[in-house]
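Working notes, structure below.
Just so it is clear, the model here is predicted, and its values are computed rather than measured. We name chains A, B, ... by the order of the sequence lines, and we start the count at 1 in each one. What's counted below: heavy atoms across the whole structure, side chains too, no hydrogens, waters or symmetry copies.
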Amino acid sequence: MSEQNKDNISQFFRKAVQKPKIEFVESDWEKLEAKLDAGLVAGPQKPNYWKSAFIAAIALLLVSTSLLLYTSLQVEKLTKKTKTDKDNVNAATETSTQALSKSEKSTPEQNELNSQEINKSEKTANHSSLLSSPTRKEVITPQSTGPSTTREQNQNSLQNASVKNETLFQSADLNNKTLSHDAGPLDNGTKVAAMNSSSEMEAINPTIASDSSSSEKQIDFIVNCGASLCDSLTETIKPKPSRWNVMLSLSPDFSTTDFDKFTTPGGAFGIAAYYAINNKFSISAGVVKSNKFYWDNGNEYKPNQTGYWDKKTNGIVPTKIEGSCSVLEIPIGLQYYFLSKKKSKLYIASTFSSYIMFNESYQYTFDAPNPGAAESWNAKKTSYSLFSIANLAVGYERSISNRIMIGVSPYLKIPMSGIGSWANIKLYSTGAAFTLRYQFQKKEKPDRLIPPAD
Amino acid sequence: MEAEEIYLKHLLGGCQRHDRASQKSLYKKFYSYGMSICLRYADNRDEAAEILNDGFMKIFSGLDKFDFDRPFRPWLRKILVNLSINRYHQRQRQVETEEITEFNSESDGEKILSGISYQEVIGMLHKLPPSYRAVFNLHVIEGYSHEEIARMLNISTGTSKSNLFKAKEHLKKIVGEFFETDYVRTE
């Protein structure tokens, strides 16, 4: 059989199958309809774990941000109130101290006069206590022992004072009254401050009550307190965080030349060093290695070589081109912590990256058979691109120890210019990086606030 | 022609909205074309109908990704050829130990088709062993190169060429038996 016969065979079959006439069979449609009704989809679909991880990371970031903002608002509110109340209490303490010093200086005659005044004011206080709301009594909680701050106990202490030392207790009573008057209606948050102030007073009052010549003891007490405070400060100083820290990151990387054409995500792994300029700003530099997969319609790619399609694919532009590459990214940027709590931080970051692109590859798909056409293009050399990608990121971090923070940081990489050696493609990338930050610590000797006693 | 394109887009839009009437119309419209592809690869009509239905399931579920400005027919063709190749692989795994000659007893042109000329052609193709038939279809009818076929069927380029040669030799005999001896030559 000759070669010509073989060609004739091919031509015969090609011609024969060109215009088939196959009649529609209703039962075939019924089978398909049954499948459609059952909601079956041809072929098992692969679960996209990266996509799930990306969504989970975004959700985690949103939840943690909301929680952090909510708690910070609550704490701020509480701190504000506490501060106001503390100021009031401090004012009250000052008044009492002044009264105390006055009473110490006063003569017995003056003391008698004062006693009368106090009795008057005591009566007034009793009247006002009847008028005042019960919450006021609850606010300044008395200790089980020692001088009290409630009105009833104030009365008792006043009576006792008249027996022992009228002068001192007059001042003590004045102190308490000023406190209860100035403090005003307090809520739970202010209890702490009020308690503190009352405990301070408790510390002072016994000294006052025990002896009229207690000023020396008071001085001793203050000196002792100062010394113990100093010791506690010098002994428990923790190592200070250094300005340097390093961060590892791992993320799915969704790359695309057009935002409705995502495909299987690649992966990105990076390491970066950070230097804190101050509490809010850090500068960073690092390296990120990533694999990128992307696709687009053939006519969206403009090969650098002129007349490429004519030469390589018989003048037919592929319907679809799937690209892949490995990229070594060198980002340099700035990070700003806009919300910092004891354990959590929120930041935004902006970097500019230089690209080193290698293993660049493009696979062509044609609508119809295109015999003799090139099927792909693979880069033989590495291409470079300086500061061609801008990266915007927002991140949430949480301390798991003094030195280690974990976090999540969604990002968007925007091309500033085309990259790649085959066609200048503008490649966008997005994803959510899971981060692990290591904070270096300074090794410093603690400064002593007060020089040790000789 | 333009009206046909508009009608096709209308049908595809309906299919995208999961409108059953549009789905049926599209299926009917491309039934003959789709079956003609599937029958060339499948062992029998039922298998061809299964491949066709799987193809339409893929189309109905993947219309969101389809660019309506692009021709629909090549997309359908590609899906059906790919599904046919997948079937071929499955079949190869199942009948690996069986004799190739068994195929001849399975062919029954009369039951497969209602279109006469196509029925005869498919009948002849079905007398080929599956491995020869697949290569013949892909190379002669679809226009794939031996390198492409080798990748698709997981065989070497040499095997693809060899199978094509043997397929043509077989078909020569089959055609010769079916028609007069010099029919092909006079064509």
Side-chain angles (χ1 to χ4, degrees), chain A residues 1-43 45 260-263 295-300 319-320 363-376, chain B residues 18 20 23-24 27-28 31-37 39-40 45 49-50 52-58 60-61 67 70-71 73-75 77-78 83 86 113-122 124-125 136-137 139-145 147-148 165 168-169 171-172 175 183-185 187:
Chain A
M1 195 65 75
S2 69
E3 193 67 28
Q4 181 60 40
N5 282 344
K6 288 177 189 173
D7 288 340
N8 282 344
I9 288 280
S10 302
Q11 281 171 15
F12 167 76
F13 277 96
R14 267 193 219 117
K15 203 173 178 180
V17 299
Q18 261 178 6
K19 288 181 180 175
K21 283 184 181 174
I22 302 167
E23 281 180 20
F24 176 69
V25 179
E26 188 70 30
S27 63
D28 287 340
W29 164 250
E30 282 165 6
K31 282 177 194 166
L32 177 62
E33 199 172 27
K35 274 188 176 184
L36 288 168
D37 287 338
L40 297 172
V41 177
Q45 284 190 332
D260 61 344
K261 286 172 184 144
F262 282 104
T263 182
W295 74 275
D296 209 332
N297 299 325
N299 48 21
E300 299 295 329
T319 318
K320 181 183 174 185
Q363 302 292 326
Y364 313 145
T365 306
F366 296 94
D367 264 347
N370 191 359
E375 294 160 8
S376 61
Chain B
H18 307 289
R20 192 50 55 85
Q23 286 174 336
K24 189 174 181 180
Y27 185 76
K28 265 180 114 169
Y31 180 84
S32 177
Y33 177 73
M35 273 300 267
S36 72
I37 296 167
L39 280 167
R40 289 203 302 269
R45 199 205 162 277
E50 267 182 45
L52 181 74
N53 285 358
D54 282 350
F56 270 93
M57 283 295 283
K58 267 192 178 264
F60 292 148
S61 59
D67 180 1
R70 301 217 152 255
R73 198 179 278 255
W75 186 43
R77 183 192 185 100
K78 192 163 181 64
L83 285 172
N86 289 347
L113 297 165
S114 51
I116 297 164
S117 64
Y118 201 74
Q119 177 193 22
E120 288 164 353
V121 171
I122 294 298
M124 286 178 222
L125 281 175
F136 183 82
N137 274 325
H139 187 76
V140 175
I141 314 291
E142 315 293 351
Y144 287 102
S145 69
E147 287 76 19
E148 287 170 319
F165 175 78
K168 284 179 178 176
E169 290 295 308
L171 283 172
K172 251 187 325 183
V175 170
Y183 176 83
V184 175
R185 201 169 284 116
E187 279 290 307

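Counting heavy atoms from C-beta on, the side chains of B/Asp54 and A/Lys35 come closer than 4.5 Å. Using a 4.5 Å cut-off on side-chain heavy atoms (C-beta onward), A/Leu36 and B/Arg20 make contact. Within the 4.5 Å cutoff, side-chain heavy atoms of A/Phe13 are placed close to those of B/Met124. B/Lys28 places none of its side-chain heavy atoms less than 4.5 Å from the side chain of A/Trp29. Counting heavy atoms from C-beta on, the side chains of B/Met35 and A/Phe24 never come closer than 4.5 Å.
Among all heavy-atom pairs drawn from B/Asn53 and A/Asp28, the shortest one is ND2-O, 3.1 Å.
Here the CD1-CZ distance, from A/Ile22 to B/Arg45, works out to 8.5 Å after rounding to the nearest 0.5 Å. Between the CD atom of B/Gln23 and the CD atom of A/Glu33 there is a distance of 8.5 Å, given to the nearest 0.5 Å.
Neither the backbone nor the side chain of A/Ser27 comes within less than 4.5 Å of any heavy atom of chain B. For B/Arg40, the part lying under 4.5 angstrom from a heavy atom of chain A is the side chain only. With a threshold of 4.5 angstrom between heavy atoms, B/Lys78 approaches chain A through side-chain atoms but not through N, CA, C or O.
In terms of the side-chain hydrogen bond (donor to acceptor under 3.5 Å, both in side chains) criterion, residue partners of B/Tyr33 (sequence neighbours excluded) are, by chain and number, B/Arg77.
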